[in-house]
S.K.: 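I'd like to ask some things about the structure below.
Atom set for the values below is all heavy atoms of this structure, side chains included, hydrogens, waters and symmetry mates excluded. In this chain, residues are counted from 1 in sequence order.
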Amino acid sequence: MYSIAPGTALVQTIDFFTPVVDDAYDWGRIAAANALSDVYAMGATPLTALQLIGWPRDVIPWEVAAEVIRGGADLMALAACTIVGGHSVDDAEPKYGFAVTGLVDPAHVTTNAAGKAGDALVVTKPIGTGIITTAIKREACPDELADRVVAQMVELNDRTAHAVRACGARAVTDVTGFGLLGHLHEMLRASDTSAELDVASVPVIDGAAALLAAGFFPGGSERNLAAVESFVDGDPSDADLRMLADAQTSGGLLVATADPEALLSALRAEGASGWVIGRLTADPGTRIRL
């Protein structure tokens, strides 16, 4: 965050990745929504974006890149965020994303360091996207499920951020590549708290558990799984732990709030969803008990 005037500050974030789905247009939309998510998690309004693209120019036609760019531009337009430029490089593996600049009132910025013991934990999108997109890339995902997960990943977190501001919650992070457990642990370290998580209350995309049982689990999630074992207590099943460690793309917001009913009401008013999945505690060691 960088203050530029009384009551106004800039926030900046960057995110890009390799394809998570086969359709070029959808990949562009997902990459844009994912890049915007950090801005919404800080309570900011996106203003401008710089486009980043790495492309194997002699392998994949530029017409495909044009579809990726069209998807990203359409999603940025939906967010009223102006693409002001960008940069492309020749790359052996395609990559796409954005650097996004937003505006926020410093007095109302949301941060993962504002959690307090006793706060309820609310998550605003079901998890399981890493598992499902892995199945998509291996051509093993049912079309209906693939369509549902794409629709979720291109959904902006703007309405959710409006609800957070409306109810006065201040402790927020978005759930992306480190998975639900990883991003929760970042909040715990920043807030000097621990957490209890009710595994049965965590929303999971319908169909993700079956794909996990069939062996679909991405490499990024495997790395998350290895990391979370150092700060998770309890006796979760292997399947539950894997789902909670699954690397998400364009996931929801994770909010710690003293008034979960007010947040859930504000989310409903915005046409968004939310699930209470646990609470922050004062236990030492920034641990997560399942």
S.K.: Taking the side chain as C-beta and beyond, is there a heavy-atom pair between Leu212 and Met243 under 4.5 Å?
M.R.: yes
S.K.: Please table the atom pairs, donor to acceptor, closer than 3.5 Å between any side-chain atom in residues 47-61 and protein atoms at least two apart or in another chain.
M.R.:
{"residue": "Gln51", "atom": "OE1", "partner": "Tyr96", "partner atom": "OH", "Å": "2.5"}
{"residue": "Trp55", "atom": "NE1", "partner": "Ile60", "partner atom": "O", "Å": "3.0"}

S.K.: Side-chain contact, heavy-atom cut-off 4.5 Å: Ser273 with Lys125?
M.R.: no
S.K.: If you count the non-hydrogen atoms of other residues, nucleotides and ligands that lie under 6.0 Å from CG in Asp90, is the total more than 12?
M.R.: yes
S.K.: Give a yes or no on whether Val255 and Leu121 share a hydrophobic cluster (residues Ile, Leu, Val, Met, Phe, Trp, Tyr; joining criterion: side-chain heavy atoms under 4.5 Å apart).
M.R.: no
S.K.: With rounding to the nearest 0.5 Å, note down the distance linking OG1 in Thr110 to CZ in Arg165.
M.R.: 8.0 Å
S.K.: Side chains of Gln12 and Thr101: do they bring a donor and an acceptor to under 3.5 Å?
M.R.: yes
S.K.: Between Asn224 (side chain) and Gly177 (backbone), is there a donor-acceptor pair under 3.5 Å?
M.R.: yes
S.K.: Decide if atom NZ of Lys116 counts as having more than 12 heavy atoms of other residues, nucleotides or ligands within a radius under 6.0 Å.
M.R.: no
S.K.: Counting only heavy atoms not in Phe216 (residues, nucleotides, ligands), do more than 12 fall under 6.0 Å from its CZ?
M.R.: yes
S.K.: Answer yes when Arg279 and Glu196 have at least one side-chain N-carboxylate O distance shorter than 4.0 Å, and no when they do not.
M.R.: yes
S.K.: Hey, is CG on Asp22 packed in by over 12 heavy atoms from elsewhere, all under 6.0 Å?
M.R.: yes
S.K.: Is a donor on one side and an acceptor on the other found under 3.5 Å between the side chain of Arg287 and the backbone of Asp233?
M.R.: no
S.K.: Can you check whether Leu188's main-chain N or O pairs, donor with acceptor, with Ser191's side chain at less than 3.5 Å?
M.R.: no
S.K.: Please report the closest heavy-atom contact between Ala169 and Ala256, naming both atoms and the distance.
M.R.: CB-O, 4.5 Å
S.K.: So, the side chain of Thr129 versus the backbone of Thr249: is there a donor-acceptor pair under 3.5 Å, distance only?
M.R.: yes
S.K.: Of all heavy-atom pairs between Ala140 and Leu211, which one has the smallest distance, and what is that distance?
M.R.: O-CD2, 4.1 Å
S.K.: Checking the side chain of Gln248 only, and the main-chain atoms of Gly128 only, is there a donor and an acceptor separated by less than 3.5 Å?
M.R.: yes
S.K.: Pair His185, Val232 - check side-chain contact (heavy atoms from CB on, under 4.5 Å), show working.
M.R.: CA-CA 9 Å; His185 191 243; Val232 168; over 6 Å; no
S.K.: Using a strict threshold of under 4.0 Å (side-chain N to carboxylate O), is an ion pair present between Lys95 and Asp91?
M.R.: yes
S.K.: Is the backbone of Leu253 close enough, under 3.5 Å, to the side chain of Thr124 for a donor and an acceptor to pair up by distance?
M.R.: yes
S.K.: Please determine whether residues Ile127 and Val276 belong to a single hydrophobic cluster, defined as Ile, Leu, Val, Met, Phe, Trp and Tyr linked transitively by side-chain heavy-atom distances below 4.5 Å.
M.R.: no
S.K.: Taking all atoms of both residues into account, what is the closest heavy-atom pair of Trp27 and Thr18, and its distance?
M.R.: NE1-O, 3.6 Å
S.K.: Whether the side chain of Ser221 engages the backbone of Phe217 through a donor-acceptor N/O pair (distance < 3.5 Å, no angle test) should be reported.
M.R.: no
S.K.: Which distance, rounded to the nearest 0.5 Å, do you find between the CG of Asp206 and the CG of Leu145?
M.R.: 8.0 Å
S.K.: To check you understand the geometry: which heavy-atom pair defines the closest contact between Gly274 and Leu267, and what is its length?
M.R.: CA-CD1, 3.8 Å
S.K.: Any side-chain to backbone donor/acceptor pair from Asp38 onto Thr13? Under 3.5 Å, distance only.
M.R.: no
S.K.: Indicate if Val20 and Phe178 have the same hydrophobic cluster label, given that clusters are the connected sets of ILVMFWY residues with side-chain heavy-atom separations under 4.5 angstrom.
M.R.: no
S.K.: Is the shortest side-chain heavy-atom distance between Pro260 and Leu263 below 4.5 Å?
M.R.: no
S.K.: Gly72 and Ala32: which non-hydrogen atoms are nearest, and at how many Å?
M.R.: O-CB, 3.8 Å
S.K.: Please walk me through it: do Tyr40 and Val172 pass side-chain contact (heavy atoms from CB on, under 4.5 Å)?
M.R.: CA-CA 9 Å; Tyr40 292 128; Val172 184; over 6 Å; no
S.K.: Going hydrophobic residue to hydrophobic residue with side-chain gaps under 4.5 angstrom, can you get from Val68 over to Ile83?
M.R.: yes
S.K.: Side chain to side chain donor-acceptor pair (under 3.5 Å) with Ser37: which of Asp158, Thr160, Asp174, Asp15?
M.R.: Asp174
S.K.: Report whether Phe16 and Leu156 are members of the same hydrophobic cluster (ILVMFWY, side-chain heavy atoms less than 4.5 Å apart, transitive linking).
M.R.: no
S.K.: Show the numbers, then the answer: is there a side-chain contact (heavy atoms from CB on, under 4.5 Å) between Leu225 and Leu241?
M.R.: CA-CA 7 Å; Leu225 184 66; Leu241 196 58; 3.7 Å; yes
S.K.: Check the surroundings of atom CG in Asp238: do more than 12 heavy atoms from other residues, nucleotides or ligands lie under 6.0 Å from it?
M.R.: yes
S.K.: Grab the two heavy atoms, one from Thr45 and one from Val39, that are nearest each other, plus how far apart they are.
M.R.: C-CG1, 4.1 Å
S.K.: Is there a side-chain contact between Leu36 and Met76 in this structure, where contact means two heavy atoms from C-beta onward sitting under 4.5 Å apart?
M.R.: yes
S.K.: Can you tell me how far OG1 of Thr286 sits from CG of Leu280, rounded to the nearest 0.5 angstrom?
M.R.: 12.0 Å
S.K.: Flag the pair Asp240 / Val202 as yes when at least one side-chain heavy-atom distance between them is below 4.5 Å, and no otherwise.
M.R.: no
S.K.: Kindly determine whether Val104 and Met1 satisfy side-chain contact (heavy atoms from CB on, under 4.5 Å), including the steps that lead there.
M.R.: CA-CA 9 Å; Val104 67; Met1 186 172 67; 4.1 Å; yes
S.K.: Please step through salt bridge (Lys or Arg N to Asp or Glu O under 4.0 Å) for the pair Arg29 and Asp26, ending with a clear verdict.
M.R.: CA-CA 5 Å; Arg29 292 196 296 158; Asp26 284 341; 2.7 Å; yes
S.K.: Looking at Arg223, I want to see if its CZ is surrounded by more than 12 non-hydrogen atoms of other residues, nucleotides or ligands under 6.0 Å.
M.R.: no
S.K.: Are any non-hydrogen side-chain atoms of Asp198 and Ile277 less than 4.5 angstrom apart?
M.R.: no
S.K.: Examine distances only and state if a side-chain atom of Asp259 and a backbone atom of Ala262 form a donor-acceptor pair shorter than 3.5 Å.
M.R.: yes
S.K.: Output yes when a side-chain donor or acceptor of Thr134 lies under 3.5 Å from a complementary backbone atom of Gly130, and no otherwise.
M.R.: yes
S.K.: Would you give the length of the straight line joining atom OG1 of Thr193 to atom CG of Asp283, rounded to the nearest 0.5 angstrom?
M.R.: 10.0 Å
S.K.: When rounded to the nearest 0.5 angstrom, what is the spacing between CG in Leu254 and CD in Glu186?
M.R.: 11.0 Å
S.K.: Do Pro284 and Ser194 have side-chain heavy atoms sitting under 4.5 Å apart?
M.R.: no
S.K.: Compare all side-chain heavy atoms of Leu244 with those of Val228 and state whether any distance is below 4.5 angstrom.
M.R.: no
